[in-house]
> 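Submitted below is the structure of interest, expressed as structure tokens.
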2 protein chains.
Amino acid sequence: MKIAMIGGGVVGQTLAAKLIANGHDVTIGIRKASAEELARPRNFAETLKQWQARTGGAIATLPDAAGSGEIVFNATHGLGSLDALKAAGAGNLSGKILIDVANPLDFSAGMPPFLPAPLTERTSLGEEIQKAFPETRVVKAFNTISATVMVDPSLIPGVQLLIAGNSDTAKDRVRELARDEFGWREFVDLGDITGARGTEHLMPLWLRLFIQGNSPLVALKVIRG
Amino acid sequence: MKIAMIGGGVVGQTLAAKLIANGHDVTIGIRKASAEELARPRNFAETLKQWQARTGGAIATLPDAAGSGEIVFNATHGLGSLDALKAAGAGNLSGKILIDVANPLDFSAGMPPFLPAPLTERTSLGEEIQKAFPETRVVKAFNTISATVMVDPSLIPGVQLLIAGNSDTAKDRVRELARDEFGWREFVDLGDITGARGTEHLMPLWLRLFIQGNSPLVALKVIRG
């Protein structure tokens with residue numbers, strides 16, 4: 001399958017590497033696919049040049065990557081997601097499933113980052129993306145766990161994939177992909193895309209637990225009486 | 001023990017009733033301890049007149065209730081908590097442990113309620129209360145589960161009590177109270193009072209799960225790899 005990965009940071013690199021290892025044709029989309037950009041050091045990740053040498057994956061501009069994918073991941077920084085997706089082009093996303101993995105975390109005031117009101121107070125990044133791209137079926141997923149867990153949920157026994165989106169068939173497809181490509185077994189369907197709000201709001205607690213335990217192998221599990 | 005319960009809604013009533021049943025001397029504090037107020041219908045709860053007839057608990061003004069308690073619960077609506085506690089009087093809270101059970105949920109735009117930026121974007125209600133009452137040891141706890149679960153955690157097997165606060169001795173005392181009075185067995189210490197942020201931010205997801213499952217017997221459990 002042809003898959004577009006919008007964003008070349010640790011999340012995009014990790015998801016793309018696993019999908020490539022599984023035999024898919026994955027293109028990472030970045031703003032400028034220049035030699036300098038490929039060599040630029042990235043937080044908690046390889047340079048894209050190193051990543052490419054290791055995985056054999058493709059790297060292209062945002063529109064070229066988005067246009068090439070049958071399914072598209074948004075793995076950009078949340079505060080830049082809308083701009084990046086607009087640069088990718090609504091036409092290149094139209095009719096497709098967009099798996100939105102991003103969280104609208106603002107690091108401008110240092111640690112801990114916060115959820116900025118315009119993207120979170122009475123909305124969510126997932127909802128804003130769905131509004132901006134009405135011809136795309138946005139599914140919020142994978143944004144509540146670290147990249148290593150996204151592609152290997154066995155690292156946290158009992159972990160659940162929280163999913164929200166307006167299209168039931170799109171959510172079925174994402175569950176299938178999560179199961180077949182990454183090994184996910186437990187899912188919580190939060191209903192329509194407004195369910196993204198709750199998952200993005202997990203970030204302050206999740207980051208606190210991450211820092212306290214000095215390990216990204218932490219998650220929040222829905223339990224019922 | 002003498003306990004002050006600030007707030008006469010379903011949370012205050014439920015906590016107070018259990019503590020009274022356990023033999024404690026509990027006073028619910030409300031703004032106006034008038035006959036009309038005691039007879040006023042309340043959401044998901046008895047009138048305070050009915051509650052009083054059933055439990056034998058005391059009802060008093062905010063300062064009288066706060067002044068009488070060796071330990072104080074804040075069980076008011078989150079958006080009114082700071083005003084209610086100011087009316088209770090800093091002097092009546094000074095030197096005491098305040099267990100902050102409230103969430104800053106704004107219902108003014110209907111359902112679902114949202115977390116208003118001034119109390120949540122780069123702070124939390126728990127932090128704002130601690131700032132406003134520096135002589136009081138604020139412990140955020142019990143705000144991530146429904147009132148019935150607060151006083152009977154056996155209703156959700158595996159449920160954890162999330163706690164945050166600047167004073168380790170105050171947190172020890174709250175854990176002891178949670179264990180001895182309500183039967184709590186599992187605790188997650190989130191560190192200082194800024195940990196309240198993450199717990200208050202659970203509300204959008206928790207409310208979604210509550211509505212989806214049509215049951216308040218739902219919680220988010222910290223799991224680690």
Side-chain angles (χ1 to χ4, degrees), chain A residues 106 108-124 144-146 148-149 152-160 162 164 188-192 194-213 215-225, chain B residues 106 108-124 144-146 148-149 152-160 162 164 188-192 194-213 215-225:
Chain A
D106 188 329
S108 64
M111 287 294 287
F114 63 93
L115 296 168
L119 282 171
T120 64
E121 193 188 37
R122 293 170 67 169
T123 183
S124 61
T144 63
I145 27 86
S146 70
T148 50
V149 179
D152 185 1
S154 74
L155 292 171
I156 306 180
V159 68
Q160 301 158 328
L162 275 56
V188 176
D189 187 338
L190 294 168
D192 69 20
T194 63
R197 221 172 283 191
T199 67
E200 295 174 12
H201 271 71
L202 290 184
M203 279 302 102
L205 180 56
W206 185 81
L207 287 163
R208 183 91 172 188
L209 293 164
F210 179 165
I211 291 164
Q212 276 195 324
S215 167
L217 301 186
V218 60
L220 289 150
K221 182 180 177 71
V222 178
I223 59 173
R224 291 188 181 271
Chain B
D106 189 329
S108 63
M111 287 295 286
F114 63 94
L115 296 168
L119 282 172
T120 65
E121 193 187 38
R122 293 171 67 171
T123 183
S124 61
T144 63
I145 26 88
S146 71
T148 50
V149 179
D152 185 2
S154 74
L155 292 170
I156 306 180
V159 68
Q160 301 158 328
L162 277 55
V188 177
D189 187 338
L190 294 168
D192 69 20
T194 65
R197 224 174 279 193
T199 67
E200 296 174 12
H201 272 72
L202 290 184
M203 279 301 102
L205 180 56
W206 186 82
L207 286 162
R208 183 91 171 189
L209 294 164
F210 179 166
I211 292 164
Q212 276 194 324
S215 167
L217 300 186
V218 60
L220 289 151
K221 182 180 176 72
V222 178
I223 58 173
R224 291 189 181 269

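The chains referred to below are lettered A, B, ... by the order of the sequence lines, with proteins before strands, and numbering in each begins at 1. It should be emphasised that the depicted structure is a prediction, and the values quoted were computed from it without experimental measurement.
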> Any side-chain heavy atom of Glu200(B) within less than 4.5 Å of one from Pro204(A)?
no

> Could you tell me which portion of Pro216(B) (side chain, backbone, both or neither) has an atom closer than 4.5 angstrom to a non-hydrogen atom of chain A?
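Contact with chain A is absent: no heavy atom of Pro216(B) under 4.5 Å.
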
> Can you tell me which portion of Val149(B) sits under 4.5 Å from chain A's heavy atoms? Options are side chain, backbone, both or neither.
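Neither; nothing under 4.5 Å.
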
> Please round to the nearest 0.5 Å and tell me the distance separating atom CZ of Arg197(A) and atom CZ of Arg208(B).
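Taking CZ in Arg197(A) and CZ in Arg208(B), the distance rounds to 8.0 Å.
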
> Counting only N and O atoms by type, is there a donor-acceptor contact under 3.5 Å from the side chain of Arg224(B) to the main-chain atoms of Ile156(A)?
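It does not hold such a pair.
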
> Between Gly225(A) and Pro157(B), which heavy-atom pair has the shortest distance, and what is it?
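Heavy-atom minimum between the residues: CA-CD, 4.4 Å.
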
> Atom OG1 of Thr120(B) and atom CG of Leu115(A): how far apart are they, to the nearest 0.5 Å?
8.5 Å

> Got Ile223(B) and Val218(A) here, is their nearest side-chain heavy-atom distance under 4.5 Å?
no

> Considering only heavy atoms from C-beta outward, does the side chain of Leu190(A) approach that of Gln212(B) to under 4.5 Å?
yes

> Just give me the residue among Pro116(B), Gly158(B), Ser154(B), Ser215(B) that pairs up with chain A most often, heavy atom to heavy atom, under 4.5 Å.
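Top count of heavy-atom pairs under 4.5 Å with chain A: Pro116(B).
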
> Taking the side chain as every heavy atom from C-beta outward, state whether Leu162(B) and Leu205(A) have any atom pair closer than 4.5 Å.
yes

> Against chain B, label Leu209(A) side chain, backbone, both or neither, depending on which of its atoms sit under 4.5 Å from a heavy atom there.
both

> Identify the heavy atoms of Phe114(A) and Arg122(B) that sit nearest to each other, and give their distance.
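Distance-wise, the nearest heavy atoms are CG-CG, 3.5 Å.
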
> Let's test your reading of the structure: which of Thr194(B), Thr199(B), Asp106(B) forms the most heavy-atom pairs below 4.5 Å with chain A?
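Among the listed options, the one with the most contacts to chain A is Thr194(B).
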
